[in-house]
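First up is the structure itself, then whatever we jot down about it.
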2 protein chains.
Amino acid sequence: MSIDRSVTLPDAAGSAQRAPSRIRLAVLDRDPGFMQVLAKRLDSLGCEYRPLAAPVGLEGLVTMRLNALVVDLAILGPSGWGYLEQVCARLPGMAVIVCTGPSSVAQRVRGLRLGADAWVTKPCHAEELICVIEAAVRRHRRGEMPTLEATATFGEITVRPDLHQAYVGPTSLELTAREFEILHLLTGADRVLRREEIYERVWGYAMAHGDRSVDVFVRKLRQKLRAGSPQWSYIHTHFGVGYRFAPEREVDAPELDLVEPAPLHMLDPALAG
Amino acid sequence: MSIDRSVTLPDAAGSAQRAPSRIRLAVLDRDPGFMQVLAKRLDSLGCEYRPLAAPVGLEGLVTMRLNALVVDLAILGPSGWGYLEQVCARLPGMAVIVCTGPSSVAQRVRGLRLGADAWVTKPCHAEELICVIEAAVRRHRRGEMPTLEATATFGEITVRPDLHQAYVGPTSLELTAREFEILHLLTGADRVLRREEIYERVWGYAMAHGDRSVDVFVRKLRQKLRAGSPQWSYIHTHFGVGYRFAPEREVDAPELDLVEPAPLHMLDPALAG
DNA sequence: TTTGCGCGTGAACATCCTGTGACCGAGCCC
DNA sequence: GGGCTCGGTCACAGGATGTTCACGCGCAAA
């Protein structure tokens, strides 16, 4: 169960329903005008957008961690149907929208039966296509969230989205809901996150100027992480920027590979003294 | 006394949602030719199909427990947008396909933004519309956990979906229909379930903000579970998140020297030193 | 090295969440 | 009709959680 994905992972956090995270999208098409208009709209919506001029293998698509793929069957040629079928079967968590030129009913039926989520006929308005994409992704996320969320281990800490909790071995860190969400967000983003980003994605709305809530929660998190895993440090401060998650062994603990994680659940008083 | 009231349950209460094969569909339209062709195809596919000549209130839609609703905005008049919005918001588990006459891009965008899953322009081929419906429903169902229909035992509790009842040994817990459904849902999901999820799956529509029904039923469930199996706890609260089912023996019952499952936090502190 | 702002910390305070008992209306059976 | 069960709502209370504040340290720029 507990998949140890070691340390690095591209950003794909998606903190549940509070703040619908941005859509990660790839468009497989060669029409310059179409791409330009689409790119403009997608940018203004804050999509993570990636144009593709040629078909990408399944592995490539997997590593992109897309929410949706828009594809013009025309540039795939006769092998397009097979490609479509494979992609839909192999990546059920990704919405697939076919956006292509004039077609017959039979073709559209075939595409949808193979697993496509929608079929948009070119020429089409960019806004409409985007709405179709959003609708598909929206529906997609309803079920995807709990299922695909795998448990991950960082250093001595295991993050379990299904239980909304983090553990050291079998012992719960007793994180509160909000603490866990912040930890989850940080572990999912392999980069420095500004306070405003953290606040927006966890609280779901913009952070008021001067709000220190994130700092306070990071402090509580660090406290519980330290209590459970004293020899590691996990959340690093980037002065003037924000926070970054990265499990690192403390320097003053040389080479001990068999260190027991120390008792826990005594987060409060006695330990500190 | 320990006889369950099995006899019969209200039709839609339990069985309908569980059968993933058949789509429960309603079509709100008045075009006789369209309806006839569609009905023919739907029948041959084994859909549970229901034509509607006039808009049905939210309550009506709820009791139908539909997987999908096809609607022609034309017969709704100006209030159609509001109706569409309400239906989509209140029944997030139901796919909504707008199938209507010629429209502008703005109208289609509006419909999709309000929550519609697809927009099909009439005149359209029945086969294509059905594919669109299937695609929408397919996406909807992804991630819905398969509630197991087999008898299963957790701790001292035996859940029997076939009898719609739970037992401790041979003794019925006398759960009501709702209570059982919630228990069944919880036992089938091996993770924390948010109240909204529980409500949506059991009641069939979106939970109103501030609704405490789930809490109350969980309380009743706990009461009956405790009465039948006092030494165990089954439903655990995750503060700020939801509920999780997991049979655990109560620690404060030192009477029996049977094998303790040795739950968490019993690490020997000496190991750490 | 000094300075100024950013950040860590602890605690007080406000808020929200949840368990609980009581109540009420609808449906059902006698 | 009367009694019953069941589903659902309400208000209350206690506790867990989130937020704010003040203080002091530490980091980076000058």
Side-chain angles (χ1 to χ4, degrees), chain A residues 18 164-165 172-183 192-196 198-199 202-227 233-244 267-269 271-273, chain B residues 1 3-14 59 62-63 164-165 172-183 192-196 198-199 202-205 207-227 233-244:
Chain A
R18 293 186 194 274
H164 256 265
Q165 192 55 254
S172 167
L173 248 42
E174 306 281 348
L175 303 183
T176 70
R178 199 140 278 189
E179 288 165 1
F180 175 81
E181 284 176 35
I182 292 178
L183 177 64
V192 182
L193 290 178
R194 289 178 299 106
R195 287 172 176 70
E196 292 78 8
I198 297 172
Y199 196 96
V202 172
W203 274 258
Y205 50 93
M207 187 177 90
H209 183 66
D211 194 316
R212 302 286 306 279
S213 298
V214 174
D215 300 62
V216 175
F217 273 98
V218 166
R219 169 182 151 262
K220 291 178 180 172
L221 259 179
R222 280 175 169 157
Q223 192 172 317
K224 293 187 178 179
L225 288 169
R226 201 185 312 133
S233 66
Y234 295 94
I235 300 177
H236 307 275
T237 303
H238 285 241
F239 205 91
V241 186
Y243 297 103
R244 179 178 57 93
L267 312 167
D268 20 36
L271 201 59
Chain B
M1 147 178 197
I3 307 300
D4 84 56
R5 63 191 75 70
S6 61
V7 201
T8 36
L9 287 155
D11 49 8
E59 297 306 319
V62 166
T63 57
H164 234 73
Q165 191 53 258
S172 167
L173 283 180
E174 304 282 349
L175 302 184
T176 70
R178 277 267 192 275
E179 289 165 2
F180 177 81
E181 284 177 39
I182 292 178
L183 178 64
V192 182
L193 291 179
R194 288 177 301 106
R195 286 172 177 70
E196 292 79 5
I198 298 172
Y199 194 96
V202 172
W203 274 259
Y205 51 98
M207 188 178 91
H209 182 66
D211 194 314
R212 302 290 306 280
S213 298
V214 173
D215 300 62
V216 175
F217 274 95
V218 165
R219 168 178 153 266
K220 292 176 180 172
L221 255 180
R222 279 175 169 157
Q223 200 169 309
K224 293 186 179 179
L225 288 169
R226 202 183 311 134
S233 66
Y234 294 94
I235 302 178
H236 307 274
T237 302
H238 286 239
F239 207 96
V241 185
Y243 297 104
R244 178 178 58 95

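We name chains A, B, ... by the order of the sequence lines, and we start the count at 1 in each one.
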Checklist entry - Between A:Phe239 and B:Glu179, who's closer to the 5' end of DNA chain D by nearest nucleotide? => result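 Of the two residues, B:Glu179 wins.
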Checklist entry - So which one's nearest nucleotide on DNA chain C is more toward 5', A:Val241 or A:Lys220? => result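 Whichever sits nearer the 5' end wins; that is A:Val241.
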Looking at [X], does any N or O in its side chain come under 4.0 Å of the phosphate oxygens OP1/OP2 on [N]?
{"X": "B:Thr237", "N": "C:dG19", "answer": "yes"}
{"X": "A:Thr176", "N": "D:dA16", "answer": "no"}
{"X": "A:Tyr243", "N": "C:dG8", "answer": "yes"}
{"X": "A:Trp203", "N": "D:dG18", "answer": "no"}
{"X": "A:Arg195", "N": "C:dG6", "answer": "no"}
{"X": "A:Arg219", "N": "C:dG10", "answer": "yes"}
{"X": "A:Arg178", "N": "D:dT19", "answer": "yes"}
{"X": "B:Arg222", "N": "C:dG19", "answer": "yes"}

As an exercise, state the distance from [atom1] of [X] to [atom2] of [Y], rounded to the nearest 0.5 Å.
{"X": "B:Trp203", "Y": "B:Ile182", "atom1": "CH2", "atom2": "CD1", "answer": "4.0 Å"}
{"X": "A:His164", "Y": "A:Glu179", "atom1": "NE2", "atom2": "CD", "answer": "13.0 Å"}
{"X": "A:Leu173", "Y": "A:Leu221", "atom1": "CG", "atom2": "CG", "answer": "8.5 Å"}

Nearest-Å distance, [atom1] ([X]) to [atom2] ([N])?
{"X": "A:His209", "N": "D:dT20", "atom1": "NE2", "atom2": "C1'", "value": "16 Å"}
{"X": "B:Met207", "N": "D:dT9", "atom1": "CE", "atom2": "P", "value": "11 Å"}
{"X": "A:Asp211", "N": "C:dC7", "atom1": "CG", "atom2": "P", "value": "13 Å"}
{"X": "A:Glu196", "N": "C:dC7", "atom1": "CD", "atom2": "C1'", "value": "14 Å"}
{"X": "B:His238", "N": "C:dC16", "atom1": "NE2", "atom2": "P", "value": "23 Å"}
{"X": "B:Asp215", "N": "C:dG21", "atom1": "CG", "atom2": "P", "value": "14 Å"}
{"X": "B:Tyr205", "N": "D:dG7", "atom1": "OH", "atom2": "P", "value": "13 Å"}
{"X": "B:Glu181", "N": "D:dC6", "atom1": "CD", "atom2": "P", "value": "14 Å"}

Next on the checklist: Under 4.0 Å, heavy atoms only, any strand: does B:Arg212 hit a base, just the sugar-phosphate, or nothing?
Outcome noted: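 Base contact.
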Next on the checklist: Just to be sure I understand the rule, does B:Val218 reach a base, reach only the sugar-phosphate, or reach nothing, if contact means heavy atoms closer than 4.0 Å?
Outcome noted: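 Here B:Val218 touches no strand at all.
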Next on the checklist: We want to know whether A:Arg195 and A:Tyr243 form a side-chain donor-acceptor pair, criterion being a heavy-atom distance below 3.5 angstrom.
Outcome noted: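 Distance-only check passes for A:Arg195 and A:Tyr243.
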Checklist entry - In terms of ring plane angle, is the pair A:Tyr199 and A:Tyr205 parallel, tilted or perpendicular, where the classes change at 30° and 60°? => result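 Plane angle over 60°, so perpendicular.
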Checklist entry - A:Thr237 versus A:Arg222: any side-chain heavy-atom pair under 4.5 Å? => result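 They are in side-chain contact.
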Next on the checklist: By nearest atom, which of the nucleotides D:dT19, D:dG8, C:dG10 is closest to the B:Ser213 side chain?
Outcome noted: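 The listed nucleotide nearest to B:Ser213's side chain is D:dG8.
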